Structure formats: C-alpha cells, structure tokens
Amino acid sequence: MTLEEYDRVVKQKLDHKRYRHCVNVARQAKLLAERYNADKNAAIVAGLLHDITKQDNSRQQLQTIQNGAIILSNVEKRSPNLFHAISGSIYIRQKLGVTNEDIRNAVRYHTTARAGMSKLEKIIYLADLTSADRDYPDVDQMRAVVLQDLDEAMRQSLQFIIPDLVRRNLLLHPDTIAAYNEYFSVFQPAVEE
C-alpha cells in the first residue's frame with residue numbers, strides 16, 4: 001500500500017481528533033527519523049498507523065488479538081488501554097499487509113516500551129509522547145530532550161510514565177519495567193562476586 005492509501009484507511013477508521021493525532025505523530029516521527037538517521041518512510045508509516053485500532057471497541061480488539069494467535073498476559077487482560085497497540089500490530093499485518101517487522105513492533109510497543117527497542121520503536125514511542133497535539137506539564141522540555149538524545153528522552157519518559165501509572169492505580173506492564181531497568185541499569189554498579 002502507498003502512504004496515501006494508509007492515510008485513507010486511518011481517516012476512515014478514526015474520528016477527526018484521533019486521525020489528527022496520528023498525522024501529528026507521523027510528522028514528529030519523520031522529524032526524529034531525520035534527526036537520528038532512521039528510515040523516514042517507516043517512521044511516517046508507523047506514526048500514522050500506531051493508533052489504527054484505538055477506536056475499535058474492546059470486543060473487536062480482543063477478536064483481532066485472538067485472530068493473531070496472541071495470548072494476553074494477566075496484566076494485559078486487565079489493561080484494556082493496552083489492547084489497541086497489540087491489536088494494531090496484528091491489524092496492520094493481516095489487513096494492510098505491512099510486512100516490515102520493525103514497523104509492526106513500533107506499533108506494538110508504542111504504549112509500553114520494552115527492553116531492547118529498535119531506533120524506530122523509540123522514535124514512535126517518543127513521537128507519540130511529544131507530538132504537536134500533546135499538552136501536559138513539561139511537554140516542551142520533553143520535546144527539547146527528544147531532539148538532543150533519543151536514549152536520554154527514553155530514560156526521562158520512563159521516569160515520568162511509571163509514577164504516573166502508579167498514581168492512577170494502573171498496572172505496570174513487565175515490558176515497561178524491563179525498559180526502565182535497561183535505561184537505569186547504567187546508574188547501578190554491578191556487584192562483583
């Protein structure tokens with residue numbers, strides 16, 4: 001499919017506000033891909049498609065996940081806000097024919113992050129957090145950091161996200177904890193035996 005065809009599908013599946021968010025994430029992803037010498041086209045596609053199933057109801061999302069032969073963890077079963085990332089990665093493979101695994105993983109992990117993220121996965125995660133439509137305390141600071149150092153932006157975003165999830169009494173996904181541990185392990189000296 002062409003970028004224009006992807007755009008048409010996203011526009012049909014999502015309301016105007018969510019569609020505009022996807023366009024903004026695609027623009028931010030393009031900017032970050034240019035800044036960090038990543039695949040610009042993959043960044044645009046992943047940014048545009050990252051929320052493709054966000055407005056499907058939970059039953060539809062779970063059906064897509066089941067059709068993709070994914071078995072949800074206990075944390076995922078209790079976190080419907082995570083369904084769209086998982087179902088989205090399946091939807092773009094099965095319905096849109098996206099074969100690029102990096103794009104599918106960028107969609108899959110844009111809500112939780114994970115240890116060992118590719119450059120594209122980091123770009124989409126951070127583009128979603130810093131797109132032009134985002135408005136939260138310190139968003140301008142995060143936008144500045146993301147243009148300076150991708151890994152430092154990941155570290156700071158996880159430092160912000162985890163306490164926010166705890167404050168809102170939401171479950172912490174093991175992938176988020178693994179990402180946090182990866183970025184903060186550099187500050188912890190290893191114990192020698």
Side-chain angles (χ1 to χ4, degrees), residues 1-34 38-70 72 76-114 117-118 120-136 139 142-143 146 157 161 164-165 168 170-171 173 175-176:
M1 291 180 74
T2 66
L3 187 56
E4 292 76 22
E5 290 170 323
Y6 290 136
D7 183 72
R8 262 195 307 275
V9 171
V10 173
K11 200 174 214 174
Q12 289 170 354
K13 280 191 65 66
L14 302 175
D15 67 24
H16 181 72
K17 182 179 179 182
R18 181 60 51 186
Y19 168 72
R20 292 304 315 154
H21 168 68
C22 289
V23 169
N24 284 328
V25 171
R27 286 183 181 144
Q28 182 74 344
K30 176 185 176 190
L31 174 74
L32 296 177
E34 289 170 344
D39 183 333
K40 186 170 59 173
N41 187 57
I44 293 167
V45 170
L48 187 61
L49 298 178
H50 82 285
D51 274 351
I52 188 84
T53 59
K54 179 87 171 183
Q55 293 183 311
D56 290 357
N57 64 45
S58 293
R59 194 171 3 108
Q60 291 171 306
Q61 291 178 22
L62 288 170
Q63 185 61 56
T64 300
I65 292 166
Q66 185 178 359
N67 292 346
I70 300 294
L72 296 177
E76 290 164 342
K77 288 176 187 174
R78 290 171 175 75
S79 305
N81 56 319
L82 302 179
F83 292 172
H84 77 282
I86 302 164
S87 63
S89 68
I90 295 163
Y91 181 91
I92 66 172
R93 177 175 45 94
Q94 292 181 342
K95 302 290 186 187
L96 305 182
V98 175
T99 58
N100 183 316
E101 187 176 5
D102 206 17
I103 292 173
R104 293 193 321 256
N105 284 337
V107 170
R108 168 66 181 87
Y109 296 103
H110 84 270
T111 56
T112 60
R114 68 172 176 163
M117 293 175 83
S118 72
L120 180 62
E121 289 175 64
K122 294 175 195 178
I123 285 171
I124 299 306
Y125 180 86
L126 292 167
D128 188 27
L129 190 65
T130 61
S131 65
D133 57 302
R134 293 297 191 192
D135 183 23
Y136 55 86
V139 69
M142 184 55 71
R143 287 183 182 127
V146 80
S157 72
I161 293 290
D164 181 61
L165 293 170
R168 294 188 294 145
L170 296 173
L171 297 176
H173 194 285
D175 286 337
T176 307

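Here the structure is a predicted model, which means the values were calculated and not measured. Positions are given from 1 along the sequence.
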To the nearest 0.5 Å, what is the distance between [atom1] ([X]) and [atom2] ([Y])?
{"X": "L62", "Y": "K77", "atom1": "CG", "atom2": "NZ", "answer": "10.5 Å"}
{"X": "Y6", "Y": "T2", "atom1": "OH", "atom2": "OG1", "answer": "8.5 Å"}
{"X": "I70", "Y": "I65", "atom1": "CD1", "atom2": "CD1", "answer": "8.0 Å"}
{"X": "C22", "Y": "D133", "atom1": "SG", "atom2": "CG", "answer": "9.0 Å"}
{"X": "I90", "Y": "R104", "atom1": "CD1", "atom2": "CZ", "answer": "10.0 Å"}
{"X": "L82", "Y": "L171", "atom1": "CG", "atom2": "CG", "answer": "8.5 Å"}

Take N81 and T111 through the side-chain contact (heavy atoms from CB on, under 4.5 Å) test and state the conclusion after the steps.
CA-CA 9 Å; N81 56 319; T111 56; over 6 Å; no
Atom of [X], atom of [Y] and distance for their closest heavy-atom approach:
{"X": "A29", "Y": "A127", "answer": "N-CB, 3.7 Å"}
{"X": "Y125", "Y": "M117", "answer": "CB-CE, 4.0 Å"}
{"X": "K13", "Y": "D56", "answer": "NZ-OD1, 3.0 Å"}

Derivation of the side-chain contact (heavy atoms from CB on, under 4.5 Å) call for N105 and R114:
CA-CA 10 Å; N105 284 337; R114 68 172 176 163; 3.6 Å; yes
Could you tell me if the side chain of [Y] sits less than 4.5 Å from the side chain of [X], heavy atoms only?
{"X": "L120", "Y": "I103", "answer": "yes"}
{"X": "Y91", "Y": "V107", "answer": "no"}
{"X": "L129", "Y": "I161", "answer": "yes"}
{"X": "V9", "Y": "M1", "answer": "yes"}
{"X": "N57", "Y": "Q60", "answer": "yes"}
{"X": "Y109", "Y": "T112", "answer": "yes"}

Is a side-chain N or O of R93 found less than 3.5 angstrom from the main chain of N100, in a donor-acceptor match?
no
Who are the salt bridge (charged side-chain N to carboxylate O under 4.0 Å, His left out) partners of K40, not counting sequence neighbours?
E34
Under the rule for salt bridge (charged side-chain N to carboxylate O under 4.0 Å, His left out), what residues qualify as partners of R59, not counting sequence neighbours?
none
Quick one: side chains of residues 43-54, donor-acceptor pairs under 3.5 Å with protein atoms, not counting sequence neighbours, listed by atom name and distance.
{"unit_1": "H50", "atom_1": "ND1", "unit_2": "G47", "atom_2": "O", "d": "2.7"}
{"unit_1": "H50", "atom_1": "NE2", "unit_2": "H21", "atom_2": "NE2", "d": "3.2"}
{"unit_1": "H50", "atom_1": "NE2", "unit_2": "D128", "atom_2": "OD1", "d": "3.4"}
{"unit_1": "D51", "atom_1": "OD1", "unit_2": "H84", "atom_2": "NE2", "d": "3.1"}
{"unit_1": "D51", "atom_1": "OD1", "unit_2": "H110", "atom_2": "NE2", "d": "3.2"}
{"unit_1": "D51", "atom_1": "OD2", "unit_2": "R18", "atom_2": "NH1", "d": "2.8"}
{"unit_1": "T53", "atom_1": "OG1", "unit_2": "H84", "atom_2": "O", "d": "3.0"}
{"unit_1": "T53", "atom_1": "OG1", "unit_2": "S87", "atom_2": "OG", "d": "2.7"}
{"unit_1": "T53", "atom_1": "OG1", "unit_2": "G88", "atom_2": "N", "d": "3.3"}

Do you know which of E121, E101, E76 makes salt bridge (Lys or Arg N to Asp or Glu O under 4.0 Å) with R108?
E76
Determine whether the side chains of Q28 and T130 contain a donor N or O and an acceptor N or O closer than 3.5 Å.
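Side chains of Q28 and T130: pair found under 3.5 Å.
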